[in-house]
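When reading the values below, keep in mind they use all heavy atoms of this one structure, side chains included, and skip hydrogens, waters and symmetry mates. For clarity, every value in this text was computed on a predicted model and none was experimentally measured. We count residues from 1, following the sequence as given.
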Amino acid sequence: DGGGGFRVSQPWSTTERGQLARLAELDASPEYGGEGGFTLSVFGGSERLAQLRAVLDKLRDAGVECVICSRGLAAAIRRSLDRVGLLGHFSDVYARGSGGAATEYDQSLPENLPGPEDSPFLSAPGSIRCGASKGKLVARCLKLRGLDRSEAVFVDDTTAEVRSVQGICTTIQVQPPPGSDRACGMGVREFELLERLLAGLPLPSGRVGVGVATPQSRLLGAGAGAGGRLAQQRRSESRPSSEGAVQRQA
């Protein structure tokens with residue numbers, strides 16, 4: 001997805017079944033031992049997870065509907081959010097059901113994997129995907145809910161994705177943390193901007209990565225790449241990609 005993150009070793013997977021199985025392996029691996037395992041690492045650790053949960057709690061309490069819009073695989077996103085107790089904060093996960101041609105790992109996966117605890121996260125045939133344009137998806141989400149552009153916020157860490165939504169609703173582009181040149185998930189800056197909207201305050205004009213902003217938001221779409229990427233609709237997403245990169249969730 002182009003954001004920051006860290007890399008995992010092979011084997012890699014491009015299918016929902018394979019990614020669910022691989023995530024379970026990584027969570028159980030000694031490298032990510034301890035409470036939360038690999039999934040907690042993807043979300044940036046306990047402290048960042050607590051910050052993210054606090055913001056999502058405030059959004060939910062204020063009646064803001066949150067949805068995920070991601071280029072990652074939906075099953076991996078659902079599992080990751082569920083493992084850290086955040087899946088219930090999102091009404092929908094719009095993502096992909098496949099990442100391309102199956103890898104050798106995918107092809108050799110035993111029939112009983114993923115196990116019964118993870119198989120419910122698999123996407124149903126014909127379920128709604130992210131599609132080629134996040135802008136079109138956001139526009140459809142607004143139309144279905146009867147919302148106008150002042151009532152939604154889209155948060156993502158990729159410039160092209162943010163540009164595709166500009167003019168449709170308020171946008172916030174996730175910025176790199178201090179000392180880095182790559183965004184790797186929402187941080188204090190993005191949390192503060194969302195809380196500012198909740199307080200009924202407009203976002204600062206001219207702020208880097210902030211589009212036209214108003215305080216009446218009722219829908220939040222997030223890209224799961226900023227590992228998330230989070231958009232009041234991601235993006236987040238634990239997703240071992242075909243190249244082994246994993247984005248920080250939400």
Side-chain angles (χ1 to χ4, degrees), residues 1-45 49 68-87 90 92-132 134 157-158 161 182 184-185 222-229 234-250:
D1 276 321
F6 51 94
R7 305 190 70 81
V8 296
S9 60
Q10 297 189 51
W12 301 324
S13 169
T14 59
T15 67
E16 285 198 324
R17 287 185 63 239
Q19 289 199 0
L20 289 177
R22 187 71 181 113
L23 286 171
E25 292 174 354
L26 289 167
D27 274 339
S29 69
E31 183 179 359
Y32 300 101
E35 186 176 357
F38 173 78
T39 301
L40 182 59
S41 298
V42 170
F43 280 87
L49 178 60
I68 296 290
C69 176
S70 175
R71 301 294 179 191
L73 301 197
I77 295 170
R78 294 188 193 102
R79 180 194 188 276
S80 298
L81 290 169
D82 181 74
R83 287 294 182 272
V84 295
L86 296 182
L87 183 58
F90 298 91
D92 277 304
V93 175
Y94 298 104
R96 295 191 295 169
S98 171
T103 66
E104 183 177 346
Y105 175 84
D106 295 320
Q107 294 171 353
S108 63
L109 202 64
E111 294 263 340
N112 64 335
L113 293 179
E117 69 282 2
D118 286 341
S119 56
F121 301 121
L122 292 168
S123 297
S127 59
I128 298 175
R129 307 299 185 198
C130 179
K134 289 189 179 182
D157 60 5
T158 300
E161 303 285 21
R182 303 189 68 178
C184 57
R229 264 160 212 151
R234 227 152 205 259
R235 176 158 147 329
S236 216
E237 294 148 231
S238 159
R239 52 181 198 82
S241 75
S242 58
E243 298 181 353
V246 174
Q247 306 279 344
R248 178 177 294 178
Q249 295 299 307

Checklist entry - Under the side-chain contact (heavy atoms from CB on, under 4.5 Å) criterion, do Arg79 and Thr39 qualify, and how do the steps go? => result CA-CA 9 Å; Arg79 180 194 188 276; Thr39 301; 3.5 Å; yes
Checklist entry - Given Val42 and Val84, is the side-chain contact (heavy atoms from CB on, under 4.5 Å) satisfied, shown in steps? => result CA-CA 10 Å; Val42 170; Val84 295; over 6 Å; no
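From Asp92, atom CG reaches atom CZ of Arg78 across 9.0 Å, with rounding to the nearest 0.5 Å. Put simply, CG on Leu87 and OG on Ser80 are 10.0 Å apart, with the number rounded to the nearest 0.5 Å. Atom OG of Ser108 is separated from atom CG of Leu113 by 10.0 Å, given to the nearest 0.5 angstrom. One finds the CG atom of Leu122 at 8.0 Å from the CZ atom of Arg17 (value rounded to the nearest 0.5 Å).
When all heavy atoms are compared, the tightest approach of Arg71 to Ala132 is NH2-O, 3.1 Å. Scanning both residues, Ala76 and Leu23, for their nearest heavy atoms gives CB-CD1, 3.8 Å. When every heavy atom of Ser70 is checked against every heavy atom of Cys130, the shortest pair comes out as O-CB, 3.4 Å. Between Ala102 and Thr14, the closest heavy-atom pair is CA-OG1, 3.5 Å.
Leu20 has its side chain out of reach of Leu73: every pair of non-hydrogen atoms, C-beta onward, lies at least 4.5 Å apart. Considering only heavy atoms from C-beta on, Ser123 comes within 4.5 Å of Arg129 through its side chain. Residues Ile68 and Leu81 meet the side-chain proximity criterion, which asks for heavy atoms closer than 4.5 Å.
The side chain to side chain contact (heavy atoms under 4.5 Å, CB included) check on Pro116 picks up nothing, with sequence neighbours excluded. In terms of the salt bridge (Lys or Arg N to Asp or Glu O under 4.0 Å) criterion, Asp106 has no residue partners (sequence neighbours excluded). For Glu25, the side-chain hydrogen bond (donor to acceptor under 3.5 Å, both in side chains) partners at least two apart in sequence or on another chain are Arg22, Tyr105. Residues satisfying the side chain to side chain contact (heavy atoms under 4.5 Å, CB included) criterion with Ser98, sequence neighbours excluded, are absent altogether. Residues satisfying the salt bridge (Lys or Arg N to Asp or Glu O under 4.0 Å) test with Glu104, not counting sequence neighbours, are none. For the side-chain hydrogen bond (donor to acceptor under 3.5 Å, both in side chains) test, residues two or more places apart in sequence or in another chain that qualify with Arg83 are Asp118.
Remark: side-chain polar atoms of Thr103 are paired, donor with acceptor, to backbone N or O of Trp12 under 3.5 angstrom. Of the possible polar contacts, one joining the Glu16 side chain to the Ala75 backbone as a donor-acceptor pair under 3.5 Å is found.
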